[in-house]
Amino acid sequence: MIKKKVLKIVQMIPYGKVASYGQVALMAGIPRGARMVGQILRNTEEDILAGMDDLPWWRVINNAGRISIKGTKYHTPLMQKEKLAAEGIEVKDDLTFDIEKYRFRPSPDQLGKMGLDDKFIDLMVEKFFI
DNA sequence: ATAATGACATGTT
DNA sequence: TAACATGCCATTA
């Protein structure tokens with residue numbers, strides 16, 4: 001299922017790094033599925049609270065380098081900001097920061113090990129200049 | 001089966 | 001820079 005794959009990718013984002021929704025989607029094999037990533041993370045809130053705290057949802061932001069959640073039952077933009085700050089990423093008051101400075105850029109090798117298809121690896125390289 | 005719904009991305013104004 | 005429009009596509013109703 002798409003959901004499982006996406007969650008797996010999100011779990012691979014290292015401490016102090018971030019990835020955009022579109023980037024996660026691409027790595028999960030859904031080149032244009034950015035919105036789905038957001039959907040999945042939102043629908044997974046309860047599972048996260050259920051104990052699975054190894055899902056770093058706060059490391060996923062939009063490609064403009066801006067926190068884009070509007071606030072849900074359990075998470076708020078401010079919470080995400082705090083989480084990022086705790087990892088050394090200072091988010092400005094307008095909820096933006098320099099994403100390129102912290103973007104998760106796995107090497108093609110790593111991507112291969114993640115079970116990613118060659119065509120997607122190529123797209124990653126082309127788009128994010130690995 | 002059809003249509004609406006997003007924690008998005010990009011190009012145009 | 002910021003607002004707007006259009007494209008996206010798995011889920012859900």
Side-chain angles (χ1 to χ4, degrees):
Chain A
M1 197 150 176
I2 301 281
K3 179 174 176 180
K4 202 149 189 181
K5 194 113 191 231
V6 167
L7 296 181
K8 196 171 128 196
I9 298 296
V10 173
Q11 291 175 342
M12 290 177 178
I13 305 174
Y15 180 98
K17 293 290 183 182
V18 300
S20 70
Y21 292 93
Q23 187 183 349
V24 171
L26 177 53
M27 290 193 275
I30 321 163
R32 276 150 255 110
R35 304 188 77 146
M36 254 115 305
V37 173
Q39 254 183 186
I40 291 169
L41 292 183
R42 186 194 53 202
N43 296 329
T44 305
E45 277 192 314
E46 315 231 333
D47 299 321
I48 295 174
L49 295 191
M52 207 71 256
D53 54 9
D54 65 329
L55 182 65
W57 57 270
W58 60 90
R59 299 192 188 130
V60 184
I61 72 283
N62 72 25
N63 204 41
R66 183 174 59 249
I67 288 177
S68 61
I69 75 175
K70 305 200 167 153
T72 63
K73 186 165 184 178
Y74 305 108
H75 304 316
T76 68
L78 189 59
M79 277 184 212
Q80 183 164 14
K81 179 179 185 228
E82 302 291 323
K83 287 280 209 180
L84 290 171
E87 304 190 349
I89 300 175
E90 285 303 330
V91 181
K92 291 182 281 186
D93 287 343
D94 62 357
L95 299 180
T96 70
F97 64 93
D98 184 5
I99 182 177
E100 300 309 339
K101 184 172 172 184
Y102 303 100
R103 191 193 287 280
F104 176 34
R105 294 168 183 292
S107 70
D109 233 30
Q110 289 177 277
L111 290 173
K113 286 188 173 182
M114 289 163 57
L116 191 52
D117 219 271
D118 285 344
K119 59 182 175 181
F120 295 138
I121 291 180
D122 288 341
L123 284 174
M124 276 295 292
V125 172
E126 176 187 325
K127 197 165 176 56
F128 299 110
F129 202 85
I130 296 178

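Order of the sequence lines fixes the chain letters, A, B, ..., with proteins taken first and strands second; residue numbering starts at 1 for each chain. These figures come from a predicted structure and were not determined experimentally.
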Rounded distance (Å) that lies between atom [atom2] of [N] and atom [atom1] of [X]:
{"X": "A/Asn63", "N": "B/dG11", "atom1": "CG", "atom2": "C1'", "value": "14 Å"}
{"X": "A/Leu84", "N": "B/dA7", "atom1": "CG", "atom2": "C1'", "value": "13 Å"}
{"X": "A/Leu26", "N": "B/dC8", "atom1": "CG", "atom2": "C1'", "value": "14 Å"}
{"X": "A/Ile61", "N": "B/dA7", "atom1": "CD1", "atom2": "C1'", "value": "11 Å"}
{"X": "A/Ile2", "N": "C/dT11", "atom1": "CD1", "atom2": "P", "value": "6 Å"}
{"X": "A/Met36", "N": "C/dC9", "atom1": "CE", "atom2": "C1'", "value": "4 Å"}
{"X": "A/Gln23", "N": "B/dC8", "atom1": "CD", "atom2": "P", "value": "16 Å"}
{"X": "A/Lys3", "N": "C/dT12", "atom1": "NZ", "atom2": "C1'", "value": "14 Å"}

Minimum-distance nucleotide (side-chain atoms of A/Ala34 versus B/dT10, B/dG6, B/dA9): B/dA9
Spacing of NZ belonging to A/Lys3 relative to CG belonging to A/Leu7, to within rounding of 0.5 Å: 6.5 Å
So does [X] get a side-chain nitrogen or oxygen closer than 4.0 Å to the phosphate oxygens (OP1/OP2) of [N]?
{"X": "A/Arg42", "N": "B/dA7", "result": "yes"}
{"X": "A/Arg32", "N": "C/dC9", "result": "yes"}
{"X": "A/Ser68", "N": "B/dC8", "result": "yes"}
{"X": "A/Ser20", "N": "B/dA9", "result": "yes"}
{"X": "A/Asn62", "N": "B/dA7", "result": "no"}

Note, A/Gln110 side chain near A/Arg105 side chain (heavy atom, < 4.5 Å): no
Side chain to side chain, A/Gln80 and A/Leu95, heavy atoms closer than 4.5 Å: no
Sugar-phosphate only, base, or nothing, as touched by A/Gly33 at under 4.0 Å among non-hydrogen atoms: nothing
Touch class at under 4.0 angstrom, heavy-atom based, for A/Met1 against every strand present: sugar-phosphate
Most 5' of A/Arg35 and A/Asn43 on DNA chain C, judged by nearest nucleotide: A/Arg35
Carboxylate-amine/guanidinium contact A/Asp93 A/Lys81, below 4.0 Å: yes
Between A/Ser107 and A/Asp109, a side-chain donor and acceptor under 3.5 Å: no
